[in-house]
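Single-structure report; data block below.
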Amino acid sequence: MSSENVKIFDTTLRDGEQVPGCKLDTSQKLVIAERLEELGVDVIEAGFPVSSPGDFNSVVEISKIIKNTTVCALTRAVKKDIEVAADSLKNAKHPRIHTGIGTSDSHIKHKFKSSKEKIIEIGYEAVKYAKTFVKDVEFYAEDAGRTDNEFLARVCEKMIEAGATVLNIPDTTGYCLPSEYGEKIKFLYENVKNIDKAIISCHCHNDLGLATANSIAGIVNGARQIECTINGIGERAGNTSLEEVVMIMRQHPDLNLDTNINSKLLFDTSKMVSDNMGMPVQPNKAIVGANAFAHSSGIHQDGVIKNRETYEIINPLDVGVTESAIILTARSGRAALAYRAKKVGFDLTKNELDLVYYEFLKFADLKKEVLDEDIPIIIKNSL
Ligand code: KIV
Ligand code: ZN
């Protein structure tokens, strides 16, 4: 049975770029946008054009070079924002305007000092207005994670009526549990009567470390777009990580869901974004962290050397990592030492290995990690 497609909406250049100190200039954004298209994302959120002339210019330039991918610009539910976004997208082959407004009680009361009815009216007018410029309009119900489901369903129905093609249900504050977020998506599919005219999108933040789990709960319950960033960068604790959701779908064919992503470019793209933003990737980051395919304890190393699948569920080549790493530390065993010694040209017999291993442990206790260049020295000292 062929898998159903889940669209990947990449917001590295918008929500991702909101990280303090990670600002990119237009030329850096262009290089990343081109790579995102090559990676196979369906939508690139290129910026929030009304926010600054620089952001406007970036969306203009990205729109000129991107060929097949949809280029999207963010707005508030404000006429001027929508006009500026439409202008910035003039050259895009597939333009999308992403407009919206806060829908939770907290946003309605404190941010807008408004009422539910008025919020629906403002959202409706914004979508209608955006539709006068582009066919493809996505509506976000900001703080949908904390919005009452009945009201959210009313909002969605009205926005589809106004012409929204995608309904973004952001867990803006990263508050929801996966079961709760999944239920929310299910509720919308069951209670919004015109839902067949739009797709639901998940946009989850990572304040409780649940962004990926929540996005997966969303697609399991029918959502067909995930908004995410490379390396999971974004406001506060970040957004859903693109590489994680893509590989979850790949590694679980039972979900019967897949994306258009060329996963072999994931590692390189992660490095490109990290280098350009000056934002290091944590070594234990799933899929793209330096330790994601590194084994350092003796038991694990022995298993991986015998058969990679004993301790690895992903083939590193599938995400663009050339090979699994066997790291030599004081926790390594003989199998790892023999394996690494062989790689640098020493095929040790069993007796030799016993002698070298004893010397190796003394050396390793003094160092965090034993490197290739240390191996000949250890061997020379022991034999
Ligand atoms: O987190 C959020 O709610 C957002 C919206 C602007 C889409 O980023
Ligand atoms: Zn966000």
Side-chain angles (χ1 to χ4, degrees), residues 7-20 22 41-52 55 59 70-78 81-82 84-85 88 96-108 110-112 119 122-123 126-127 130 136-148 151-152 155-156 159 164-176 180-181 184-185 188 198-212 214-215 218 223 225-242 244-245:
K7 304 269 176 238
I8 293 294
F9 174 117
D10 180 278
T11 183
T12 306
L13 300 178
R14 200 280 296 171
D15 222 334
E17 209 237 7
Q18 289 175 208
V19 175
C22 287
V41 311
D42 300 281
V43 185
I44 296 172
E45 187 162 53
F48 181 17
V50 84
S51 67
S52 75
D55 227 35
V59 181
T70 296
V71 178
C72 176
L74 184 79
T75 82
R76 294 165 297 180
V78 170
D81 286 27
I82 295 169
V84 173
S88 71
R96 176 182 293 181
I97 291 179
H98 188 192
T99 190
I101 192 162
T103 53
S104 66
D105 287 349
S106 155
H107 279 225
I108 296 174
H110 303 295
K111 202 164 124 179
F112 301 111
I119 291 293
I122 296 170
V127 173
D136 191 3
V137 175
E138 172 168 339
F139 175 82
Y140 64 86
E142 196 180 8
D143 205 15
R146 293 186 298 172
T147 300
D148 154 67
F151 178 58
L152 194 57
V155 172
C156 290
M159 299 314 143
T165 44
V166 181
L167 295 166
N168 178 8
I169 308 299
D171 185 18
T172 306
T173 58
Y175 172 74
C176 288
E180 215 177 339
Y181 190 76
K184 191 174 281 290
I185 304 300
L188 295 176
I199 67 165
I200 290 185
S201 181
C202 309
H203 177 116
C204 299
H205 279 267
N206 205 30
D207 300 65
L208 292 171
L210 291 171
T212 294
N214 283 344
S215 297
Q225 177 176 285
I226 294 181
E227 309 199 358
C228 46
T229 59
I230 302 292
N231 301 332
I233 55 162
E235 282 273 355
R236 307 182 308 280
N239 287 62
T240 299
S241 148
L242 181 148
E244 291 174 14
V245 290

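We're numbering straight along the sequence, starting at 1. This structure is a prediction, so every number in the text was calculated from the model and none was measured. When a ligand or atom number is given, it counts from 1 through the structure's own listing order.
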Quiz item: Does any non-hydrogen side-chain atom of Val59 lie less than 4.5 Å from one of Phe48?
Solution: no
Quiz item: Are Asp105 and Asp148 close enough that some pair of their side-chain heavy atoms sits under 4.5 Å apart?
Solution: no
Quiz item: Rounded to the nearest 0.5 Å, how far apart are CD of Glu138 and SG of Cys72?
Solution: 6.0 Å
Quiz prompt | Within-4.5 Å side-chain heavy-atom neighbours: Tyr140 and Thr172 | solution = no
Quiz item: Do Val50 and Arg76 come close enough that some side-chain heavy atom pair is under 4.5 Å?
Solution: yes
Exercise. Show all protein N/O/S atoms under 2.8 Å from the Zn ion (ligand 2), or state that there are none.
Key: Asp15 OD2, His203 NE2, His205 NE2
Quiz item: Considering only heavy atoms, which protein residues lie less than 4.0 Å from any atom of ligand 1?
Solution: Arg14, Asp15, His98, Tyr140, Glu142, Asn168, Pro170, Thr172, His203, His205
Report all side-chain donor-acceptor pairs from residues 199-208 shorter than 3.5 Å, counting only partners two or more places apart or in another chain.
{"residue": "Ser201", "atom": "OG", "partner": "Gln225", "partner atom": "NE2", "Å": "2.9"}
{"residue": "Ser201", "atom": "OG", "partner": "Glu227", "partner atom": "OE2", "Å": "2.8"}
{"residue": "His203", "atom": "ND1", "partner": "Glu227", "partner atom": "OE1", "Å": "2.8"}
{"residue": "His203", "atom": "NE2", "partner": "Asp15", "partner atom": "OD2", "Å": "3.0"}
{"residue": "His203", "atom": "NE2", "partner": "His205", "partner atom": "NE2", "Å": "3.2"}
{"residue": "His205", "atom": "ND1", "partner": "Gly238", "partner atom": "O", "Å": "3.2"}
{"residue": "His205", "atom": "NE2", "partner": "Asp15", "partner atom": "OD2", "Å": "3.2"}
{"residue": "Asn206", "atom": "OD1", "partner": "Leu210", "partner atom": "N", "Å": "3.1"}
{"residue": "Asn206", "atom": "OD1", "partner": "Ala211", "partner atom": "N", "Å": "3.0"}
{"residue": "Asp207", "atom": "OD1", "partner": "Arg236", "partner atom": "NH2", "Å": "3.0"}
{"residue": "Asp207", "atom": "OD2", "partner": "Arg236", "partner atom": "NE", "Å": "2.6"}
{"residue": "Asp207", "atom": "OD2", "partner": "Arg236", "partner atom": "NH2", "Å": "3.3"}

Self-check item: Spatial distance of atom CD (Gln18) from atom CG (Asn239) [nearest 0.5 Å]
Solution: 8.0 Å
Exercise. List for me each residue that meets ring pair (Phe, Tyr, Trp, His ring centres under 6.0 Å) alongside Phe9, sequence neighbours excluded, and say none if there are none.
Key: His98
Self-check item: Sub-4.5 Å side-chain heavy-atom contact between Val245 and Thr212
Solution: yes
